[in-house]
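Down below is the structure, laid out as structure tokens.
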Amino acid sequence: MPFHLIQKVILMTAIDNHLENYGYKGFSEALDLTASLFHLLKEGGRLYLPIALYEFHKICKMSNHLIETIRSAIAFDSDHLQNYYDFLRKIRDRHIHMAEQISDSKLLSFCFKNGIEDMLDEWDELVEECHIASDGEIKELFEQIATYA
């Protein structure tokens, strides 16, 4: 395996471990559970609605906390923004999948659509900020603007 690929794997593992300190693993598991509950609700298991509401409320709180923490971490670790971007994009894509999953059901849309859209907007904004900050051309442009200001 080429050295740069080994380096990227090590870096992604370090980022994963770094984010785990902020509760990413618990958030990811709660996100999986909520997606499973949405699937059960779509299949007609209305008895799962109270549990889904509770779990959804929990992931909303976890998501907000995780986003704030990641924003703080990224501010101090700007050298690896592209790798953070790749990682955060995967989280955002999971939210997109959940939004698509609930759009097929009137019950799920009624109960969860606004919350999913709010979370998706937050993750999308974070991913976009990370992408912009990691783009070399944009960085260079900001530096040029700063020298003229």
Side-chain angles (χ1 to χ4, degrees), residues 1-139 142:
M1 180 181 281
F3 182 71
H4 72 282
L5 290 177
I6 294 171
Q7 232 177 353
K8 185 169 182 162
V9 168
I10 291 170
L11 185 59
M12 291 305 288
T13 303
I15 288 171
D16 187 37
N17 291 336
H18 186 68
L19 291 177
E20 176 47 40
N21 293 336
Y22 304 131
Y24 168 73
K25 186 175 182 181
F27 171 71
S28 182
E29 290 170 356
L31 203 57
D32 289 341
L33 176 60
T34 303
S36 296
L37 288 168
F38 284 173
H39 178 71
L40 290 171
L41 285 168
K42 271 179 63 174
E43 299 297 320
R46 298 201 191 290
L47 294 173
Y48 295 103
L49 184 59
I51 298 168
L53 288 167
Y54 171 78
E55 288 298 324
F56 184 73
H57 176 71
K58 189 166 96 175
I59 65 167
C60 286
K61 286 176 66 175
M62 293 171 88
S63 177
N64 290 335
H65 175 72
L66 192 58
I67 287 172
E68 288 175 21
T69 308
I70 289 171
R71 277 198 170 108
S72 299
I74 288 174
F76 293 107
D77 189 13
S78 61
D79 296 337
H80 303 108
L81 283 175
Q82 182 61 41
N83 294 317
Y84 276 108
Y85 168 74
D86 294 338
F87 191 80
L88 297 174
R89 194 180 71 227
K90 290 176 186 173
I91 297 171
R92 191 239 1 237
D93 291 348
R94 290 175 68 186
H95 283 79
I96 290 171
H97 175 70
M98 285 180 74
E100 291 169 351
Q101 186 180 17
I102 67 166
S103 67
D104 297 339
S105 166
K106 289 181 184 179
L107 174 66
L108 291 175
S109 291
F110 176 77
C111 294
F112 304 105
K113 184 177 182 180
N114 290 339
I116 288 285
E117 287 177 352
D118 290 345
M119 276 196 304
L120 181 56
D121 288 344
E122 289 291 322
W123 282 101
D124 200 37
E125 186 178 310
L126 179 62
V127 168
E128 187 176 308
E129 289 171 6
C130 193
H131 178 66
I132 289 171
S134 68
D135 189 311
E137 291 177 14
I138 293 174
K139 271 186 184 177
F142 283 138

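The structure displayed is predicted, hence computed values, not measured ones.
When side chains are defined from C-beta on, Ile70 does not count as touching Phe87, because their heavy atoms never get closer than 4.5 Å. Using a 4.5 Å cut-off on side-chain heavy atoms (C-beta onward), Phe56 and Met119 make contact. Taking 4.5 Å as the limit, every side-chain heavy atom of Arg89 sits out of range of all side-chain heavy atoms of Cys130. For the pair Thr34 and Leu31, the minimum side-chain heavy-atom distance is 4.5 Å or more. No side-chain heavy atom of Glu43 sits less than 4.5 Å from a side-chain heavy atom of Leu40.
For Lys61, the NZ atom is loosely surrounded, since the number of other residues' heavy atoms within 6.0 Å does not exceed 12.
The shortest non-hydrogen separation linking Met62 to Ala30 is SD-CB, 4.0 Å. Taking every heavy atom of both residues into account, Met98 and Ile59 meet most closely at CE-CD1, 4.1 Å. For the pair Ser103 and Ser109, the tightest heavy-atom approach, listed with the atom from each and the gap, is CA-OG, 3.7 Å. Nearest heavy-atom pair, Leu108 versus Gln101, reported as atom, atom and distance to 0.1 Å: CD1-O, 4.5 Å. Across Arg46 and Pro50, no two heavy atoms sit closer than the pair O-CD, 4.3 Å.
Atom CZ of Phe38 is separated from atom CG of Leu107 by 10.0 Å, given to the nearest 0.5 angstrom. Atoms OG and CD, on Ser36 and Glu55 in that order, are 10.5 Å from each other to the nearest 0.5 Å. In this structure, NZ in Lys42 is found 10.0 Å from CD1 in Ile102, a value given to the nearest 0.5 Å. For the atom pair CD1 of Ile116 and CG of Asp121, the computed distance is 11.0 Å after rounding to the nearest 0.5 Å.
Side-chain atoms of His95 come within 3.5 Å of backbone atoms of Ile91 as a donor-acceptor pair (strictly under, hydrogens ignored). A donor-acceptor contact shorter than 3.5 Å is absent between the side chain of Arg92 and the backbone of Leu126. For the pair Ser63 (side chain) and Cys60 (backbone), a donor-acceptor distance under 3.5 Å is absent. No donor-acceptor distance shorter than 3.5 angstrom exists from the side chain of Glu122 to the backbone of Asn64, with no hydrogens or angles considered.
A parallel orientation is assigned to the rings of Phe27 and Trp123, their planes being inclined by less than 30° (bins at 30° and 60°).
Using a 4.0 Å cut-off between charged nitrogen and carboxylate oxygen, Arg71 and Glu125 count as a salt-bridge pair.
Screening Leu49, Asp32, Ile51 for a side chain to side chain contact (heavy atoms under 4.5 Å, CB included) with Leu37, the sole residue that qualifies is Ile51.
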